[in-house]
Amino acid sequence: MPWTKIKSDVNEPNYYLESDENIRRLSYSEAIREAMDQALELDQRVFIMGQGVDDPGAMFGTTLNLHKKYGSQRVFDTPLAENALTGIATGAAIGGMRPVYFHNRPDFLFLAMDQLVNHASKWYYMFGGAVNVPIVLWACIGRGWGSAAQHSQALQGLFMHIPGLKLIMPSTCYDAKGLMLSAIADNNPVLIIEHRLNFRHKGFVPETPYRVPIGKGIIRKQGKDITFVAISHMVTEAYKAAEELSKEGIEAEVIDLRTLRPLDEEIILRSVSKTGRLLIADCGWKTGGITAEISALVAEKGFEFLKAPIRRVACQDVPTPSGYTLEEAFYVGSNDILNAAREILQIR
Amino acid sequence: MPWTKIKSDVNEPNYYLESDENIRRLSYSEAIREAMDQALELDQRVFIMGQGVDDPGAMFGTTLNLHKKYGSQRVFDTPLAENALTGIATGAAIGGMRPVYFHNRPDFLFLAMDQLVNHASKWYYMFGGAVNVPIVLWACIGRGWGSAAQHSQALQGLFMHIPGLKLIMPSTCYDAKGLMLSAIADNNPVLIIEHRLNFRHKGFVPETPYRVPIGKGIIRKQGKDITFVAISHMVTEAYKAAEELSKEGIEAEVIDLRTLRPLDEEIILRSVSKTGRLLIADCGWKTGGITAEISALVAEKGFEFLKAPIRRVACQDVPTPSGYTLEEAFYVGSNDILNAAREILQIR
Amino acid sequence: MTMNLKKYPHKLLVKLYFDMLRINKVQLHIESLYHLDEMKTPIHLSIGQEAIAVGVCANLRQNDYISSSHRGHGHYLAKGGDLKRLIAELYCRETGCSKGRGGSMHLVDTSVGHMGSSSIVGGGIPIGTGLGLATQMKAEDRVSVIFFSDGAADEGALYESINFAILKKLPVIFVYENNQFAVCSHVSARQAGEIIFHKTPHDAMPSQAVNGNSVMDVYEATKQAVMRARQKSGPSFIECKTYRVRGHAGAGSDEKLGYRTAEEIREWEAKCPVRAFSEILLRDGVLNETEIQIMEETIDCEIDEAFRFAQRSPLPKPEDVTKYLFCD
Amino acid sequence: MTMNLKKYPHKLLVKLYFDMLRINKVQLHIESLYHLDEMKTPIHLSIGQEAIAVGVCANLRQNDYISSSHRGHGHYLAKGGDLKRLIAELYCRETGCSKGRGGSMHLVDTSVGHMGSSSIVGGGIPIGTGLGLATQMKAEDRVSVIFFSDGAADEGALYESINFAILKKLPVIFVYENNQFAVCSHVSARQAGEIIFHKTPHDAMPSQAVNGNSVMDVYEATKQAVMRARQKSGPSFIECKTYRVRGHAGAGSDEKLGYRTAEEIREWEAKCPVRAFSEILLRDGVLNETEIQIMEETIDCEIDEAFRFAQRSPLPKPEDVTKYLFCD
Ligand SMILES: Cc1ncc(C[n+]2csc(CCOP(=O)(O)OP(=O)(O)O)c2C)c(N)n1
Ligand SMILES: Cc1ncc(C[n+]2csc(CCOP(=O)(O)OP(=O)(O)O)c2C)c(N)n1
Ligand SMILES: [Mg+2]
Ligand SMILES: [Mg+2]
C-alpha cells in the first residue's frame, strides 16, 4: 500500500532561507525522531509509549530504534487499551514522569476521550493548581488509499474546543522538532496532530535541541491582498495557491498557525487588518471545525477590517469515503483555496 | 442538594398562546415521559436503557415507572460501561430495534465516543446505505451546586462537528416531547442534549403524540433590530433579555434553533438579513463551540447583511469550577446577553 | 488430527473444504494483483486462519449474524457474502458491497447477516453483542457470532460486552481468533497471560481453547456454542489458537522486518489449515485428487469472473460524495 | 470477629479506631449541617465503609499514593489529608484543598500522596495505575492504592488497567470497595456474578475477598499486598465486601425510595465497622470507655475548629475564574 511507504523526497517550501544549498535537511520523520532522541537523552523523566513504537514501523520512523538506545522501560509498546493507557500516562505524569504517547491515527483517540478530556485536561484546574499533567499525545492523520471513515479523521476541530489542552499542528520539519521539544517541556497536556502528507517532506532542521514557542503562529509568506490562515499540510497547499496568485500580481499572506490552542489571535487579526480578506484552510470537517472558530474570532474582533465574506476551505461534512473517486471530492487542496480566493477577490 | 430536586413550578415563557388559561400544561420531565410512554406504546421496537432508568430518580422523572408498565425487558438499567453499551445499543438498532439510551450527563459520553462517533454515526455512510442505526442518546447538562469540571459539561460544540449524527437541544416542554418522538422515529443516530434548568419549567404539551421536525428552528419573538440565536435554556435567557430590550424600544428577534445538526441555516440568514446584527448565546464553552459555527456561517453566507461585529455569549474557556462564586463568573445568562446586545447596538 | 470423520455427512466435509479453499484462493489472488495498485484500499489477509471463519460459519444459518473486523475477507465469504461485491469493493466500485464507501476493512452483506465490519480494533464486539440483544428482544431464533483477535482482547470493550452478554444471557458467541499478533506486537507484549474469560463459570459462559488451524475442532466447539445460544442459555467463548502468517497489512510476507523469526513463520505455514484438511480428506477417502482439482478450477473461474466484474464496474461519482450521510 | 488482637501494637489498634471514629464523626457532622445549604457541593458519604479506608491506609506511608473517587472523604482523611482544607473545600473556599475549584468529589493533598480524585466512575483506576508506573520507572519505594466501587467494576478501564499492572508488575493495589450499589442499582443488576479478577493466577495478581466491615481483616489483606508491592512482585486485588448505608448522595437515609428494604439497611447499620471494632477493643481491654470518651471529645473539637476555619475562610474571587487553566 503506497501510503505505508511515504517517501520523503520532496523538499518543503523554502520558507526559511533564500538559497542555501548547504543547510542541514532532515525528513519530517527524522526531525521528530531527533526531537525524541534528544528529549530522552536530556531528561530522564521522558518516556515513549504507544502501539508499535518499538517495532520496525516505529510510528513512521519517528521512534525508530529508540528502544534499543534507551531500553524497553523508556520506550515501550502498549496494549490496545487507549482509554486506560491515556489514564496511565496521566498518572505517570502526575507521579513526575513526562510520557509521550504515540497513536497512529487520531481516530483511536475517541477511545481515550474520557481520560484525555475528563481527566488530563482538567486536573490542574480542578485541583486549584495542586497537580499538573505534563503529557504529550501524538497522532498522525491518515489520508488516501481508502483509509476510509475510521482511519482518516482530522479531529483538531474537536480538540480545539477543550479547555486545558494545548493543541499543536506543525507544518515544517523545523517546527515538528521544535514544537515536539516544547510540548515535552510544557507542564500541561499537549496534543500534537500530524498529517501523513507532511511526512513526504524534507526540510531545514538544526541539530542542537531548540524549542518553537507554543501559541505562536508564523507568517510563511507576506502579502497585502488576502490572508490565508492554515495549519499542518494545508499550509503547504495554501502556500502553493499563494505562489500561483503571485503570478497574477495578487499577494496572499500565508499564516501557519502551528498551534490551535492557545490560538495566536494577534497574528490573524493583524494580517486581516492589512488585507481585509480572510480565507481559512483546514484538512478537517468544515461544520464546527477550526475554520469556524477562526472565522468567528475575526467576525467578533476584526469585523471593521473585513471587506468581503470570510471563506472556509475544509473537507466535506461526511464520513471519509474509501473510494478514490470519492476521496478526490472529499479532500481539499491548493486548487480549492485558489478558487475560493478568487471568489473573495472577485476575480474571474 | 437543591439540584437534585428541581421544582417545576415556573411556567416557561408564553411563546405559544396569548392568554389561554385552559391549556394543558406539563412539566418538562412529564413532557418527555409522555413521549417515552407513547413511543413504547406505539412501537414494539422502542426500548429504554440507561443507568437508573428504572430507579426512583428515573432520569429526572422522564422514565418514571415505565419499567412497570412495559416490563424490565424494554426499560432496563445498564452497567456503567458506556462505551460497550453504546455499541450494544447500536447493534440492537442494526438488528431492528429502536433503543433510547439515557445518560445523566453529557460528561459520561466521553467514554462512549468511539462507539458513538466511530461507529453509530458512520455506519450508514460507510456501508453505502446498507445499514442504518436508529438510536437515540439522551443526556442532561448539569449546572450549579458545585457540579464541577466532570459533571457539568455542555458538549454540543463537540457533537455539532460530527457528520452522521443529528443533534437536538430543545427549550420548551412542547418541543421536548415532539422532538423526542421525532428522534425516535428518525432512522439515524440522534443525540438529544437537555439542560437541567429546562426542568424547572411547565409548558403547553398536547396529549396526542406529535412530532416536531428535526432541522427546523423557530422564531420565539419577532424583531427587527438584532437577532439572538440560542439553544436550550439559553433561549429562555435570550427571551428575557429581548423582553428587557423591548421596554427600551429595541426589538430583538429570538431564534430557538432546536436542532444544531442539521442546522437551519435559512432561519438564521433570513433574520440577519432583516436585522443586520447577530448575537449567539450558548451554555457551552466559547472557543470552537456552536457559537463559532453559527458566526462563521453568517460571515460566509450573510456577510453583506452585517452592520456590526458578531458577538458570542458563551461560557468561559475553562473547566467548570465548583465554587459558587466562580460558577457565577463561569456561566452566562440574560444579563450577559443584554450587555453584549447593547454593545452591538452601541447603546450606553 | 486423529478425529473420525465418518460421523460427518459427506456434504458437510466437502463444504468445509471448499469454503476454506475458496477463501484461501481468493486471498492469494488479491495478493497477487495487489502490487498493480488498482485495489486502492488497505488489505489485511487472513491466510492461515481459514479454518476459523469456515469452521464457525458452517454452523450458522443465513439469518444468523456475524460481526467482523479489518481482517474480514474470510468471515465475509464464509458467511455467504457475495464474492463479486467483495472484489468490487476492493476496486472501489459502486457495485461493491459497500458501494465503494467502505473498502476492504468495511464489508457488509445484510442478506446473509453480515451487518458491517469495523476497523476500530474491538469496535465490532459491542455491536455483535447488541445484535444478540435485538435477537433476544425480538424473540428471534438467531445467533450472533463475534470474530475478534488478540489486539481486540486488550480492549475494555471486550470485558464490558462479555459482562453484558452473560448478564442478559444473550445468544452471542465470542470467537477469539488468537493469531498472536497485533501488527508487529506479540500478544505476550500486551497481555498478562492466558485470557481471563476462560475462568468464567461454565454455566455463565462456557469457554474453551481449540486448535484454530483445525477446521473440525473449530466446527465442534462452535456447534456446542450455537446449540447453547439457540436454547437461549447464554453466550459462549471460543479461543482459536492460530497464527498470522502474512504481514499485518498489504501483500506478502513481512519476514524481513525481523520482529519474528522466519522459522516461526515456516512452522505455521506448514500448519496451513486448508492443506492439513485436504490431507485428511484424501487419506480418509472423502475426496480424491480429481475432485479437488475440479474444485480448484471452479473456484478459479469464479474468481476470474469476480475480478472481471469488479474491474468493469463503474466508479462512484465524485458528486455523490455526500450521498448516504443520512437515511431518510 | 474472633481474631487475636494481642499480636498488634497497642498504638496501631488505637490509631485504627481513632481514624475510623474521626472519619465517621466528620461525615456525621457534614451530614447534620448539610441542610443549611452552605456546603454548596454534592456529597457522597462513606458512612459504614470507614474500615476500608482506614484498614488500607494504616499500611501506607506518607509518600505512598492513593487514588479515590466521588465518595472520597474517608480515603482523604485516612491517608492523612488535612481536615480543615477538606471542610473548606466543601464550603467552596479559597483555603479548600482544591482552592474551591473541585468540591467534595475532587479532593487532593499531594503532601500525603493523595494526587486528586475523579468523579468519573472508574476514572481514577488508570490514573492510580499510572502512579504505580511512575514509581516503578523512578525506582521509588512507593505503593499506589486504587479505591473503587462496584459501579467502577463495570467499566472496561478496570480490565485494561489490571492487565497493564500485571503485565508490568506494577506496585499497585486494587481495593474493590463492593458496597453493592451504584446509585440505586444493585450490583447484581449490572454484573454477571463474582468479579472475575479473583480468578487471576495467584502469582500474577493475588486476589481475595474480605469482610470490608472488619478493619483488621482489611488491614491484614492490605498488609500482604503492600509487602508484595514493596518487593516489586506486582499488583494485588482485594475485594472488601460492605454496604452503602446512606443514600447515594446528600444527607440522610434514602430508605423511603424503596429500592431496598429498610431491614436490609438496618442489618448493615448493625454491622457498623466503628462500633464493631470498639466493642472488640473494649472487650479485649485495649481501650476503656473513658479513653473512647476522650477521643470523641478530641475529634469533636477538631471538627468544630475545621468548620470554623472553613466558614471564616475567603471565597474565591470571581475574577479568578480563569486562573489555573494552564500551569506555567
Ligand atoms: C482502537 C484501535 N487501535 C489501534 C488500531 C490500529 N490497528 C489496526 S489493526 C491493529 C492490530 C489489530 O490486532 P488484532 O486485534 O490482533 O487483529 P489482527 O490484525 O491480528 O487480525 C491495530 C493496532 C485500530 N485500528 N483501532
Ligand atoms: C462514567 C460515569 N458514569 C456515570 C456516572 C454517574 N454516577 C455517579 S456516582 C455513580 C455510582 C457509582 O457507583 P460505585 O462505583 O459503586 O461507587 P459508590 O457510589 O458506591 O461509591 C454513578 C452512576 C459517573 N459519575 N461516571
Ligand atoms: Mg491478532
Ligand atoms: Mg458502589
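Chain naming here is simple, since letters A, B, ... match the order of the sequence lines and numbering starts at 1 in each.
- If you measure heavy-atom distances from A:Ser322 to chain B, you find no contacts under 4.5 Å at all.
- A distance of 10.5 Å separates CE of B:Met113 from CG of A:Leu109, quoted to the nearest 0.5 Å.
- The candidate with the highest count of non-hydrogen atom pairs below 4.5 Å against chain A, out of B:Leu158, B:Leu260, B:Leu263, is B:Leu158.
- Comparing B:Val318, B:Asp114, B:Thr287 by heavy-atom pairs within less than 4.5 Å of chain A, the highest count is held by B:Thr287.
- In terms of modelled atom types and a separation under 3.5 Å, the side chain of A:Asp107 and the main chain of B:Asn118 share no donor-acceptor contact.
- Against chain B, the residues from residues 291-310 of chain A that qualify, each with a non-hydrogen atom under 4.5 angstrom away, are A:Ala292, A:Glu293, A:Ser295, A:Ala296, A:Leu297, A:Ala299, A:Glu300, A:Phe303, A:Leu306, A:Lys307, A:Ala308, A:Pro309, A:Ile310 in number order.
- Heavy atoms closer than 4.5 Å to chain B are found in the side chain of A:Gln153, but not in its backbone.
- Here A:Arg312 is the residue among A:Lys286, A:Met126, A:Arg311, A:Arg312 with the most heavy-atom pairs under 4.5 Å with chain B.
- Of all non-hydrogen atoms in B:Pro319 and A:Tyr125, the two that sit nearest each other are O-CE2, 3.1 Å.
- If you tally non-hydrogen atom pairs under 4.5 Å between each of A:Glu82, A:His119, A:Gln115 and chain B, the highest count goes to A:His119.
- Contact annotation for B:Ala149: both backbone and side-chain heavy atoms come within less than 4.5 Å of a heavy atom of chain A.
- When B:Met160, B:Gln316, B:Gln150 are compared by the number of non-hydrogen pairs under 4.5 Å with chain A, B:Gln150 comes out ahead.
- Taking every heavy atom of both residues into account, B:Arg261 and A:Asp317 meet most closely at NH2-CB, 3.3 Å.
- In this structure, B:Trp285 and A:Pro163 approach most closely via the heavy-atom pair CE2-CG, 3.3 Å.
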